[in-house]
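Please read these numbers as outputs of a predicted model, since none were measured by experiment.
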Amino acid sequence: MWQGVFPAVTAKFNEDDTLDHKEMERCFAFQIEAGVDGIIVNGSLGEGPMLSHDERLAVLKTAKAVAGKKPVLMTIADAATRDSAALAKRAAQAGADGLMVVPSLVYHTNPKETVATLSAVAEAADLPVMIYSNRIAYRVDVTVEIMAELARDKRFVAIKESSDDIRRAIEIVNALGDRYDVFTGVDNLAYEALAVGAVGWVAGLVVAFPHETVAIYQLMKAKRYDEALAIYRWFRPLLDLDVSTYLVQNLKLVEALVTGTTERVRAPRLPLEGEQRAKVETIVREALATRPVLAKAA
């Protein structure tokens with residue numbers, strides 16, 4: 001149902017901490033114009049858990065206005081299942097094309113609880129669902145066995161595979177064939193995941209470098225692996241910034257340096273400073289100095 005590059009877009013804030021919808025429109029349009037295949041709003045990079053439900057729905061509507069016919073997925077991530085289900089229902093009413101669902105933000109659910117939570121959210125919205133499997137960040141592992149159990153519900157259509165173990169992508173396909181559209185959710189494992197069967201990439205650094213991200217994906221699909229690898233090697237120092245406790249600040253700074261947007265974050269986060277900031281600035285400066293010339297995949 002879904003494939004390709006789906007940016008996990010960032011939220012933009014005004015100086016008074018309100019949402020800057022005009023700037024989000026500009027940044028989201030940059031992604032669409034570069035050829036991405038869909039947009040995911042209010043994820044970890046989008047600071048979704050820091051936004052109220054009303055704010056998250058407002059971001060969704062802004063993305064929908066820009067995306068045209070391309071799908072916009074709403075991330076559902078709350079501590080309580082009832083809150084996730086309530087937001088999912090509102091997202092469906094607001095026009096979301098699908099959901100990306102985190103099983104549990106705070107409580108570390110067991111397999112039975114994980115299935116119950118995901119099922120409750122899917123039932124509330126009655127939309128296609130991408131299951132977000134991220135045992136590193138959220139301490140809840142949506143295992144292949146859980147995926148097999150959820151496969152009985154046709155609303156579960158895709159997996160964002162972020163276990164940080166490339167073997168998991170192969171295990172999903174070996175066990176379940178093409179039942180799910182498997183997306184990689186770890187930027188610095190994207191080449192590897194696409195090489196072993198992933199059909200999509202929920203991307204982070206794409207917010208600053210959409211053309212390079214799309215080029216890697218399209219070259220991989222065209223089996224032009226060496227060309228994709230050359231871009232990926234150039235990209236790796238930037239992609240590594242996505243795998244960090246400071247991924248939001250890292251990527252917002254990169255985005256600001258490359259595209260001229262803002263890097264404002266919502267507290268308790270604060271913008272990078274000192275040594276951390278200098279490191280990111282150096283990586284960006286070196287990347288821009290050696291930026292590859294892109295060839296068309298087709």
*asked:* Contact between Pro111 and Glu149 at the side-chain level, heavy atoms closer than 4.5 Å - yes or no?
replied: no
*Would you confirm whether Asp97, through its side chain, and Val72, through its main-chain N or O, come within 3.5 Å as a donor-acceptor pair?*
yes
*Can Glu227 and Arg224 be counted as an ion pair, charged N to O under 4.0 angstrom?*
yes
*May I ask you to decide if Asn110's main-chain N or O and Glu113's side chain share a donor-acceptor pair within less than 3.5 Å?*
yes
*Just how far is it from atom CZ of Phe30 to atom CD of Glu255, taken to the nearest 0.5 Å?*
9.0 Å
*Counting only heavy atoms not in Lys221, do more than 12 fall under 6.0 Å of its NZ?*
yes
*Take atom CG of Asp178 as the centre, draw a 6.0 Å sphere, and report whether it contains more than 12 heavy atoms from other residues, nucleotides or ligands.*
no
*For the residue pair Val142 and Pro103, what are the closest heavy atoms and their distance?*
CG2-CG, 3.7 Å
*Would you give the length of the straight line joining atom CZ of Arg152 to atom CZ of Arg179, rounded to the nearest 0.5 angstrom?*
11.0 Å
*For ring pair (Phe, Tyr, Trp, His ring centres under 6.0 Å), just list the numbers for Trp201 and Tyr191, CA-CA rounded to whole Å, side-chain angles, deciding distance to a tenth of an Å, and then say yes or no.*
CA-CA 10 Å; Trp201 180 359; Tyr191 180 95; 9.9 Å; no
_Any Pro49 side-chain heavy atom under 4.5 Å of Leu105 side chain_ = yes
*Would you name the heavy atoms of Phe6 and Leu73 that are closest together and state the gap between them?*
CE2-CD1, 4.0 Å
*Do any N or O atoms from the side chain of Asn42 and from the backbone of Thr75 form a donor-acceptor pair under 3.5 angstrom?*
no
*Closest heavy-atom contact between Ala88 and Ala125?*
O-CB, 3.4 Å
*Give a yes or no on whether a salt bridge exists between Arg266 and Glu55, defined as a side-chain N under 4.0 angstrom from a carboxylate O.*
yes
*Test item: side-chain donor near acceptor, Thr262 and Glu23, under 3.5 Å*: no
*Do Thr81 and Thr117 have side-chain N/O donor and acceptor atoms under 3.5 Å apart?*
yes
_Let me confirm one number: the CZ-OG distance from Arg168 to Ser162, rounded to the nearest 0.5 Å._
10.5 Å
*Atom CG in Leu270, atom OH in Tyr246: separation rounded to 0.5 Å?*
10.0 Å
*Kindly check if the number of other-residue, nucleotide or ligand heavy atoms within 6.0 Å of NZ (Lys70) is above 12?*
yes
*asked:* In the structure I gave you, are the side-chain heavy atoms of Asn188 and Val186 within less than 4.5 Å of one another anywhere?
replied: yes
*So if you build clusters from Ile, Leu, Val, Met, Phe, Trp, Tyr with side-chain heavy-atom gaps below 4.5 Å, do Ile40 and Leu189 land together?*
no
*Does the side chain of Ile231 reach to within under 4.5 Å of the side chain of Leu294, using non-hydrogen atoms?*
yes
*First locate atom CD1 of Ile39, then atom CD1 of Ile32, and finally report the distance between them rounded to the nearest 0.5 Å.*
4.0 Å
*Note, Asp242 side chain near Asn250 side chain (heavy atom, < 4.5 Å)*: no
_Side chains of Leu87 and Met74, heavy atoms from C-beta outward: is any pair under 4.5 Å?_
yes
*Within the distance-only criterion (no hydrogens, no angle test), does the side chain of Trp2 pair as donor or acceptor with the backbone N or O of Ala158 below 3.5 angstrom?*
no
*Are the side chain of Arg269 and the backbone N or O of Gln249 linked by a donor-acceptor pair below 3.5 Å?*
no
_Taking CG in Asn174 as the centre, count heavy atoms belonging to other residues, nucleotides or ligands within less than 6.0 Å. Is the count above 12?_
yes
*Given side chains that start at C-beta, do those of Leu45 and Leu251 come closer than 4.5 Å, heavy atoms only?*
yes
*Taking all atoms of both residues into account, what is the closest heavy-atom pair of Ser44 and Val248, and its distance?*
O-CG2, 3.5 Å
*Side-chain donor-acceptor pair present, Tyr232, Glu212, cut-off under 3.5 Å*: no
_Does Lys160 qualify as a cation-pi partner of Phe183, given the criterion of NZ or CZ under 6.0 Å from the six-membered ring centre and within 45 degrees of its axis?_
no
*Step by step, work out the side chain to side chain contact (heavy atoms under 4.5 Å, CB included) result for Ser119 and Arg155.*
CA-CA 9 Å; Ser119 297; Arg155 288 171 293 210; over 6 Å; no
*CA sep, side-chain torsions, deciding dist, call: Thr10, Glu47, side-chain hydrogen bond (donor to acceptor under 3.5 Å, both in side chains)*: CA-CA 7 Å; Thr10 57; Glu47 296 172 85; over 6 Å; no
*Without swapping roles, check the side chain of Thr213 against the backbone of Phe209 for a donor-acceptor pair under 3.5 Å.*
yes
*Test Met147 against Leu176 for side chain to side chain contact (heavy atoms under 4.5 Å, CB included), laying out the working first.*
CA-CA 9 Å; Met147 294 175 197; Leu176 298 166; 3.8 Å; yes
*Backbone of Ala11 reached by a side-chain donor or acceptor of Lys252 within 3.5 Å*: yes
*Report the residue from Thr259, Leu238, Ile283 that forms a side chain to side chain contact (heavy atoms under 4.5 Å, CB included) with Val254.*
Leu238
*Could you walk me through whether Phe13 and Leu19 pass side chain to side chain contact (heavy atoms under 4.5 Å, CB included), step by step?*
CA-CA 5 Å; Phe13 300 104; Leu19 289 170; 3.7 Å; yes
_Starting from Tyr107, can I reach Val140 by hopping between I/L/V/M/F/W/Y residues whose side chains sit under 4.5 Å apart?_
no
_Just so I know, are the side chains of Arg236 and Asp240 near enough to count as touching, which here means a heavy-atom distance under 4.5 Å?_
yes
*Do Thr62 and Lys64 have a side chain donor and acceptor closer than 3.5 Å?*
no
_Hydrophobic clusters here meaning ILVMFWY residues chained together by side-chain heavy-atom distances under 4.5 Å, can you tell me if Leu205 and Trp234 are in one?_
yes
*asked:* Could you walk me through whether Arg26 and Thr261 satisfy the side chain to side chain contact (heavy atoms under 4.5 Å, CB included) test, starting with their C-alpha distance in whole Å, then the side-chain angles of each, then the deciding distance to 0.1 Å, before giving a yes or no?
replied: CA-CA 9 Å; Arg26 185 183 77 84; Thr261 189; 3.7 Å; yes
*Please identify each residue that fulfils salt bridge (Lys or Arg N to Asp or Glu O under 4.0 Å) with Arg277, with sequence neighbours left out.*
Glu263, Glu281
*Looking only at heavy atoms, which two atoms of Ala169 and Val196 are closest? And how far apart?*
CB-CG2, 4.2 Å
*Quick one: side chain to side chain contact (heavy atoms under 4.5 Å, CB included) partners of Asp54, sequence neighbours excluded?*
Ser52, Arg90
*asked:* Using 0.5 Å steps for rounding, measure from the CD atom of Gln218 to the CG atom of Leu194.
replied: 12.0 Å
*asked:* Strictly below 4.0 Å, N to O, side chains only: are Asp16 and Arg264 in salt-bridge contact?
replied: no
*Does a side-chain N-to-carboxylate-O contact under 4.0 Å join Arg56 and Asp78?*
yes
*Can you name the closest pair of heavy atoms from Ala267 and Met50 and give their distance?*
O-SD, 4.3 Å
